[in-house]
Amino acid sequence: MEKKIKYAIGDQDFKSLREGGCVYIDKTSNIDKIVNSGMKYCFLARPRRFGKSLFLSTLQYFFEGHRELFKGLAVDTMDWDWESYPVLRLDLNPEEYKEQGGLDVLYNDTFQKWEEEYGIVEIGGSFSSRFRRIIEAAHKYTGRQVVILVDEYDKPLVENIHNKENIEHYRSRLSAVYSNFKSSAEHIRLVFLTGVSRFGKLSVFSDLNNLKDLSFLDDYSDVCGITEKEMLEHLNPGICRMAESNGMSYDSALRELKRNYDGYRFSEKGSDIYNPWSLLNALNDAKISDGWNDTGLPKIVAETLKRVNADLESMFDTYCTLDDLKGLDLITPQPLALLYQTGYLTIKSYNPKIKRYRLGIPNEEVKKGLFNVLLPYYIKCRSDEEAKKLVGDMVVYFILGEPDKAMKCMQAYFAGIHFKMKMDNENNFHNAFFLLMDLVGLETETESATSDGSIDITVKTDDYIYVIELKYDGSAEQALKQIEEKKYDRKFQMDGRQIIRIGVNFSSETRCIEDWKIQK
């Protein structure tokens, strides 16, 4: 029996991963680039669960001189002395920061350990002064400059995105400690920070004008995450196991993995990237699941979009500049930056003529998660569970070929449209209808061209094709008649799936779907 591959799910320690025989996708060539670039202060932003902690752990063991852990990896051939450098790794992940004392507890526990390690007798003073003494003592004690690694530097800020008092408290705490990066420069070999975003307007790094942001550089686009080439090279046994366990072909398994977990991109020319957390979990369990959506801060995203009254319909396929994405202002957050930094939107392409990035939703897993985040924004249900059931039932009925029941769910959806959503013209109604159908995972097209016009909405399942015409303050009969007269369904006659015509009328007075007619 073939030995099952071991995946390091939830284990972000490089040593544990290597010694435990877990599959490891070699990212160490990036260390060579960083070390030989002459960069002293580096920053990398990526969404949650993308392997930032593992990369910092890899840097830690590299600088500590554990060459045995890197045997056979790219960096093992690097011209490097493999001597041990003092590494100060500040991990902001473990604590919660809803209360103002969270960071102080973490600082004190971490600094106390370092003070004991480097024989610091003088204890006390501000956290900034304590950190400065630690950096100087580590350099003096070892005779080598210090490597400082900060994991999720911005977590205290992100968790308080709606609390200005806490934001200012944590900004001052973070800034005071980070100011040592510049003032203690003579003692420092490298500073590498990771986080969700570089919050420039909060002046966390006000003194550090030579911080190199790697987040959008082609050379570092795959420093975290898994490319398709890497997946096929290192994870092929898992793909075969998934295909066999689910009674599908190898190619079908590849398509499902790509559809659900691929699609991220972080630079102009970078490769598409799979979410490593989601991909490894799927291969470990031999089934497609939506685990990533349960690991982050979706409520913060939803609440922020509500507060700024974001025009959601225009955001899922749009163009923007690099400056629109580079930093996230927590005081007045911009929706595009927020959705990009949290992983709900990603770069799809770059147009050099207009110098704009095209953004889109990365994949089906994120699409489902995004819809669950945004659903309460659009409808007034008594609970999130009620909202999810409403939409889930609608999808099931479309798949089963029961459009009347599906339309009743759709009617209930529109009956609960949020009062801030503008439904005062036909275009907005079309957009809202399409948004719902598309985000729930149904294969949807809008304004599909025919020889005699364009179909408002086309929805496809494995067994059915729904041709839907929408009317605004008209009648369902008129909508259905238009489908018949313009022969909108003729382009699907050779498809083999059953074609179902649906005429829908929306009333501006009741702000709801008034009626519908179905013809099979």
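If you're wondering where the values come from, they're calculated on a predicted model, not measured in any experiment. All values below were derived from every heavy atom in this structure, side-chain atoms included, with hydrogens, water molecules and symmetry-related copies excluded.
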Is a side-chain donor-acceptor pair under 3.5 Å present for [Y] with [X]?
| X | Y | answer |
| --- | --- | --- |
| E484 | Q519 | yes |
| D222 | T227 | no |
| Q482 | Y488 | yes |
| Y274 | E228 | yes |
| S53 | D151 | yes |
| D324 | T321 | yes |
| Q12 | S57 | no |
| D213 | S215 | yes |

Regarding [X] and [Y], does a basic nitrogen lie under 4.0 Å from an acidic carboxylate oxygen?
| X | Y | value |
| --- | --- | --- |
| E230 | K27 | yes |
| D495 | R497 | yes |
| D317 | R358 | yes |
| E244 | R241 | no |

Next on the checklist: I want to know whether F50 and F266 have ring centres closer than 6.0 Å.
Outcome noted: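 Yes - the distance between ring centres of F50 and F266 falls below the 6.0 Å cut-off.
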Next on the checklist: Quick check: F43 with F192 (ring centres under 6.0 Å apart)?
Outcome noted: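 No, the ring centres sit 6.0 Å or more apart.
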Checklist entry - Which pair of heavy atoms, one from F398 and one from I502, lies closest together, and at what distance? => result CE2-CD1, 4.3 Å
Next on the checklist: For Q100, is there any backbone N or O sitting under 3.5 Å from a side-chain donor or acceptor partner on H169?
Outcome noted: yes
Checklist entry - Would you say the side chain of F216 lies within less than 4.5 Å of the side chain of K326, judging by non-hydrogen atoms? => result yes
